[in-house]
Amino acid sequence: MRIASWNINSVRLRIGHLARFVDLAKPDVLCLQEIKCREGEFPRNAFADMGMRHLHIVGQKGWHGVAIISKHRLERLPCPPLCPSEEARTAAVQVKGLVIQTLYVPAGGETPDPATNPKFAHKLAFLERMKAWYRGAGSNLVLTGDLNVAPGEHDVWSHKQLLDIVSHTPVETEALEAVRIGGGFTDLARAQTPPPAKLFTWWSYRNHDWAASNRGRRLDHVWASGDVAAGLKASQVFVETRGWERPSDHAPVMVTLR
DNA sequence: ATGGTCGCTAAGCGA
């Protein structure tokens, strides 16, 4: 079973990239973040043409929004109540007996200080809810998404230069590790590609030559608990999508599980 | 220290 996760930054604008990715990677289940549309605006027919006919869409007007799309029949589950402001940032399904969730953690703004930056306070509150929600969550769970935290020193282009940059501050990386360990999750990308290998899934639009400078961060994750983690066969970041015309700033991650 | 680029939806906001 192949499970992919991609922050697509507008599903309507990048439906062509999605078709190209599905053709290339052939995921069974595709989790999307930042779809940036309402449920009724989602390009269902284009996914049906790709053979992905089963959808769970959690959208809102213009911003955020997540979806889980599958080749196989899925059962919709309640959205994990992780967002204090109830934005469309979580979705959960069951596919072939496996629970798959996707999250879009708030980015957190510019200043890593919850006292002066409400967006950072919102992010920390979201991470705290995750910690409580996933503690002892049980096994056979797959958690995917744009978690907006690069947890390890090899998950950013420069650990030292990013220690005070939102997404890599100690308060965030420690919170995310606490979520992962408390929930009994394995970080599948790192199980496959251990440090000190660098691993990135996001490169800023503000960098003119993203490939040459390679100032990336690993913000997108696939975690699994229990027997599912033990069935890991492969994990891959499709870096090449970042070089496609008018790309998302995130590249997709895909795991293969037995 | 600063500014750099996107996508939304109609001037800025969030990323």
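Residue numbering restarts at 1 for every chain, and letters A, B, ... go by the order of the sequence lines. Everything quoted here is computed from the prediction, not taken from an experiment. All values below were derived from every heavy atom in this structure, side-chain atoms included, with hydrogens, water molecules and symmetry-related copies excluded.
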Calculate the interatomic distance between Trp202(A) atom CH2 and dG14(B) atom C1'; express it in whole Å.
13 Å

With nearest nucleotide decided by heavy atoms, which residue, Trp63(A) or Asp146(A), maps closer to the 5′ end of DNA chain B?
Trp63(A)

If you compare all heavy atoms of Pro195(A) against all heavy atoms of Arg190(A), which two are closest, and at what distance to 0.1 Å?
N-NH1, 3.8 Å

Nearest whole Å is fine: how far is dG7(B) C1' from Asn7(A) CG?
12 Å

Could you check His221(A), Arg218(A), Arg180(A) and say which one makes a side-chain hydrogen bond (donor to acceptor under 3.5 Å, both in side chains) with Asp187(A)?
Arg218(A)

For dG4(B), does either OP1 or OP2 sit under 4.0 Å from a side-chain N or O belonging to His208(A)?
no

Distance-only side-chain donor-acceptor flag, Ser167(A) / Asn148(A), under 3.5 Å:
no

Arg14(A) has an atom CZ; how far is it from atom C1' of dG7(B), in whole Å?
8 Å

Does OP1 or OP2 of dT5(B) have a side-chain N or O of Ser204(A) closer than 4.0 Å?
no

NE2 of His250(A) versus C1' of dG7(B): gap in Å, rounded?
13 Å

Return the nearest nucleotide to the side chain of Lys61(A); candidates are dC8(B), dA10(B), dG4(B).
dA10(B)

Picking from dT5(B), dC8(B), dG14(B), which would you name as closest to the side chain of Lys119(A)?
dG14(B)

To the nearest angstrom, the CZ-C1' distance between Arg215(A) and dG4(B) comes to 12 Å

Arg38(A) CZ to dG7(B) P, in whole Å, measures 20 Å

Mind checking the P distance from dG7(B) to dG3(B)? Whole angstroms is fine.
22 Å

For a quick test of reading the model: is some side-chain N or O of Arg12(A) closer than 4.0 Å to OP1 or OP2 of dG7(B)?
no

CH2 of Trp244(A) versus P of dC6(B): gap in Å, rounded?
18 Å

What's the gap between dG4(B) and dA15(B) when it is taken at their C1' atoms, as a whole Å value?
14 Å

Just checking, any donor-acceptor pair under 3.5 angstrom between side chains of Arg2(A) and Thr256(A)?
no

By nearest-heavy-atom nucleotide on DNA chain B, the more 5' of Asn207(A) and Gly108(A) is Asn207(A)

Exercise: do Thr116(A) and Asp113(A) side chains pair donor with acceptor under 3.5 Å:
yes

Taking atom P in both dC6(B) and dT2(B), what distance in whole Å separates the two?
23 Å

Interatomic distance where CD belongs to Glu245(A) and P belongs to dT5(B) [whole Å]
17 Å

